[in-house]
Undergrad: 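This is the structure I have questions about; it appears just below.
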Protein chains: 2
Amino acid sequence: MAGAPQKALRTSAANAITADLVAVLVAVTEGEPKIMTIANGGALPSGPFEFAHRSLQTGLRAWVEAQTGHPLGYVEQLYTFADRGRAGDAKSLHSISISYLGLTREDKVGRGFEAHWSGWYEYFPWEDQRAGLPPSLAKTLAARLKAWSKSAASTSLQRERWQRAAITFGFDDREWNEELVLQRYELLYEAGLIPEAVRDGAAATTVIPGRQMTGDHRRILATGIARLRAKIKYRPVVFELMPAEFTLLQLQRSVEALAGRLVHKQNFRRLIEQQQLVEETGAIATEAVGRPAKLFRFRHAVLAERAVAGTKLPLSRT
Amino acid sequence: MAGAPQKALRTSAANAITADLVAVLVAVTEGEPKIMTIANGGALPSGPFEFAHRSLQTGLRAWVEAQTGHPLGYVEQLYTFADRGRAGDAKSLHSISISYLGLTREDKVGRGFEAHWSGWYEYFPWEDQRAGLPPSLAKTLAARLKAWSKSAASTSLQRERWQRAAITFGFDDREWNEELVLQRYELLYEAGLIPEAVRDGAAATTVIPGRQMTGDHRRILATGIARLRAKIKYRPVVFELMPAEFTLLQLQRSVEALAGRLVHKQNFRRLIEQQQLVEETGAIATEAVGRPAKLFRFRHAVLAERAVAGTKLPLSRT
DNA sequence: CGTCTTATACTCAAGGAGAGTATAAATGGC
DNA sequence: GCCATTTATACTCTCCTTGAGTATAAGACG
């Protein structure tokens with residue numbers, strides 16, 4: 001208990017900051033993932049955390065409802081950002097962003113609200129691999145990243161850069177990993193290939209396709225997409241995005257939309273059924289060409305029954 | 001873009017708050033997981049986020065080094081808490097806690113620092129299932145939770161409570177799930193069985209064993225343990241806690257210590273080796289009864305080679 | 001009535017995970 | 001030196017999961 005370095009007392013008022021609450025609110029409509037945006041698609045719904053809010057989540061709910069007229073259902077925290085603006089923006093230093101992921105069904109946005117739903121692949125065209133990479137991107141992306149790698153000072157640094165690019169983007173016959181959304185975004189940022197990087201001080205060049213957002217919002221969105229893509233694999237969260245009744249194909253299309261890649265139909269059904277995630281409603285889908293499909297509903301009971309978690313440890317019984 | 005509800009302008013200064021940085025700093029020594037504590041084991045290292053800090057992480061590093069003399073290595077963000085004090089403490093409302101998980105090797109804490117290492121099972125005795133539940137707890141825990149369930153108003157609520165208890169604690173022949181650390185803590189808190197609950201206003205009773213901490217710190221610790229237990233299964237983070245050279249048994253003991261349960265020796269080795277996580281140093285362990293074991297070191301190269309992530313989607317090749 | 005399209009049921013092989021058995025290489029007591 | 005004990009390490013075996021298909025059913029439509 002000696003006295004030197006612990007520096008105990010909290011200097012409360014002196015270090016006051018502000019906290020912003022930012023929402024990545026997701027819905028899936030007709031096989032396309034959407035996110036709620038404001039400012040004409042240029043920002044995510046957000047607002048300051050205020051004294052009046054009872055907790056972070058209620059604060060977030062208040063802001064999102066005020067800005068979009070859309071009540072929030074499933075919500076989980078994503079990440080808290082506070083690194084100073086990349087170009088050294090002094091203001092951002094005193095403000096932190098606490099981001100959340102929310103899941104709902106698309107809904108009419110009330111009139112008088114500037115919010116609307118935007119397709120999330122508008123912001124990340126390279127993340128949609130369902131039909132392979134968009135041809136416009138396919139060549140550019142690899143070429144630009146190759147050039148960036150080559151521009152490094154040393155050969156070892158060049159190799160390092162390219163290896164990172166190859167791993168995250170699946171070049172050189174590597175597997176595409178749909179969860180590396182944030183890593184891909186960060187890499188493109190570092191390579192100066194997206195507008196935000198140029199805005200923050202990178203050398204001006206032709207950027208690659210993909211809509212820009214204010215501040216860190218596109219990074220936050222990338223974090224949200226990554227989290228959701230990881231989560232659908234071990235938790236039944238897709239159902240938060242589905243209507244009450246749906247066919248297995250609709251369910252599959254939603255998963256594919258989120259993951260940005262196609263799944264094997266028969267095996268997908270096997271997976272869903274063996275996990276007893278759904279039950280038949282008895283009804284049959286009407287629209288449609290082809291043989292009509294049974295309608296299913298989510299078995300809410302599974303949430304209570306299980307506390308799923310994947311073990312990868314070779315546990316011992318004794 | 002009509003005018004009604006969006007409430008755009010940021011009222012910056014009016015909503016100033018303070019942010020605390022809190023660290024769950026973990027090490028494993030001789031098969032026991034330790035955490036760095038201050039205040040004689042009653043709190044986690046923490047301090048306010050200040051203007052001077054370039055980012056949240058650097059702020060955290062500064063505080064931990066100041067309080068413990070221990071430089072921080074591997075660090076990841078855990079969670080940001082801001083719910084008002086459970087009993088309605090007004091002060092806590094204006095402050096949020098941003099928590100981090102850090103991994104290191106145990107080290108002498110420099111003189112003049114009030115920090116020291118505490119075994120993490122002192123705070124969560126029920127989480128150590130390596131030798132089964134400690135006999136003192138085995139009976140009490142189930143009985144107390146049963147009583148709490150029974151005390152609910154309606155039969156359906158009673159059933160609900162007991163089901164939650166059974167799932168999180170593995171009663172009624174359910175599997176123990178070592179990842180549900182936070183859920184177990186929250187349940188015990190709600191049931192009023194731990195000191196913090198009584199402190200925050202729950203009816204005074206005999207609490208169950210386990211050391212208390214200030215504020216939310218034990219909750220934050222639970223979050224950290226849960227994260228680490230989940231993570232060791234799909235990322236090679238254990239090696240952050242190991243010395244440069246180790247035997248496979250030492251590695252196994254560390255994993256068991258963290259997970260709080262025993263693993264199957266032969267299968268554990270198979271797992272480690274097939275993933276090519278380690279390589280022989282050529283040396284042989286000296287101490288020991290029994291046949292001497294080979295020493296291994298972590299293959300740092302795997303971090304660059306792979307971008308592991310478990311897929312559970314039945315992907316399609318076409 | 002055949003064709004197209006989607007739904008749904010099965011099959012099959014390869015790989016991984018759980019649970020042991022079998023040896024090997026030390027130590028310590030006699 | 002020999003044997004019991006302890007830990008290390010190598011294999012084996014079986015079952016379940018997963019990837020990848022094939023086969024058949026049930027509608028719509030010309």
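To find a chain, count down the sequence lines: A is the first, B the second, and so on, and within it residues start at 1.
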Undergrad: Under a 4.0 Å threshold between the charged nitrogen and the carboxylate oxygen, would A:E30 count as salt-bridged to A:R253?
TA: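 Salt bridge flag = no for A:E30 with A:R253.
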Undergrad: Atom CD of A:Q266 and atom P of C:dT6: how far apart are they, to the nearest Å?
TA: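 Between P of C:dT6 and CD of A:Q266: 13 Å.
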Undergrad: Pick base, sugar-phosphate or nothing for B:K294, based on heavy-atom distances below 4.0 Å to the nucleic acid.
TA: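 The residue B:K294 makes sugar-phosphate contact but no base contact.
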Undergrad: Take the protein atom CZ of B:R291 and the nucleotide atom C1' of D:dT7, then report the distance between them rounded to whole Å.
TA: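 It is 9 Å, rounded to the nearest whole Å.
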Undergrad: Whole angstroms only, please: what is the CG-P distance between B:N267 and D:dA8?
TA: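 In whole Å, D:dA8 P and B:N267 CG are 16 Å from each other.
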Undergrad: Separation of A:H264 atom NE2 from C:dA9 atom C1', in whole Å?
TA: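 Rounded to the whole Å, the gap is 13 Å.
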Undergrad: What is the distance, rounded to the nearest whole Å, between atom CG of B:L262 and atom C1' of C:dA19?
TA: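 It works out to 15 Å between those atoms.
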Undergrad: From the options C:dA25, C:dA7, D:dG27, select the nucleotide whose nearest atom is closest to the side chain of A:P292.
TA: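 Looking only at side-chain atoms, A:P292 lies closest to D:dG27.
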Undergrad: Does a side-chain N or O from B:K265 land closer than 4.0 Å to OP1 or OP2 of D:dA8, or not?
TA: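 Result: yes.
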Undergrad: Just to verify, what does B:T29 make a side chain to side chain donor-acceptor pair (under 3.5 Å) with, not counting sequence neighbours?
TA: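 B:T29: side chain to side chain donor-acceptor pair (under 3.5 Å) contacts with B:E106.
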Undergrad: Once you measure the plane-to-plane angle for B:F124 and B:Y185, does it fall in the parallel (<30°), tilted (30-60°) or perpendicular (>60°) bin?
TA: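 Geometry flag for B:Y185 against B:F124: perpendicular rings.
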Undergrad: Does NZ or CZ of B:R174 fall inside the cone over B:W162's six-membered ring, less than 6.0 Å from its centre and within 45° of the axis?
TA: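 No, a cation-pi geometry is absent between B:R174 and B:W162.
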Undergrad: For A:F246 and C:dA7, what is the distance between atoms CZ and C1' respectively, to the nearest whole Å?
TA: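 Whole-Å distance recorded here is 16 Å.
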Undergrad: May I ask you to decide if the ring planes of B:H300 and B:F298 are parallel, tilted or perpendicular, using 30° and 60° as cut-offs?
TA: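 B:H300 vs B:F298 ring planes: perpendicular.
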Undergrad: What is the distance from CD1 of A:I284 to P of C:dT8, rounded to the nearest Å?
TA: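 Distance check: A:I284 CD1 to C:dT8 P gives 7 Å.
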Undergrad: Ignoring hydrogens and geometry, is there a side-chain-to-backbone donor-acceptor pair from B:R299 to B:Q276 under 3.5 Å?
TA: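 It does hold such a pair.
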Undergrad: Could you tell me whether A:R235 and A:E76 have a side-chain N and a carboxylate O separated by less than 4.0 Å?
TA: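 Answer for the salt bridge query: no.
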Undergrad: Whole Å only: how far is the CG atom of B:L315 from the P atom of D:dG19?
TA: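 To the nearest whole Å, that distance equals 7 Å.
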Undergrad: I need the residues from residues 268-283 of chain B with at least one non-hydrogen atom less than 4.0 Å from DNA chain C; give them sorted by number, or say none.
TA: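 Per residue number, the list reads B:R270, B:Q274.
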Undergrad: On DNA chain D, nearest-nucleotide positions of A:G290 versus B:V289: which is more 5'?
TA: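 Its nucleotide being nearer the 5' end, the pick is B:V289.
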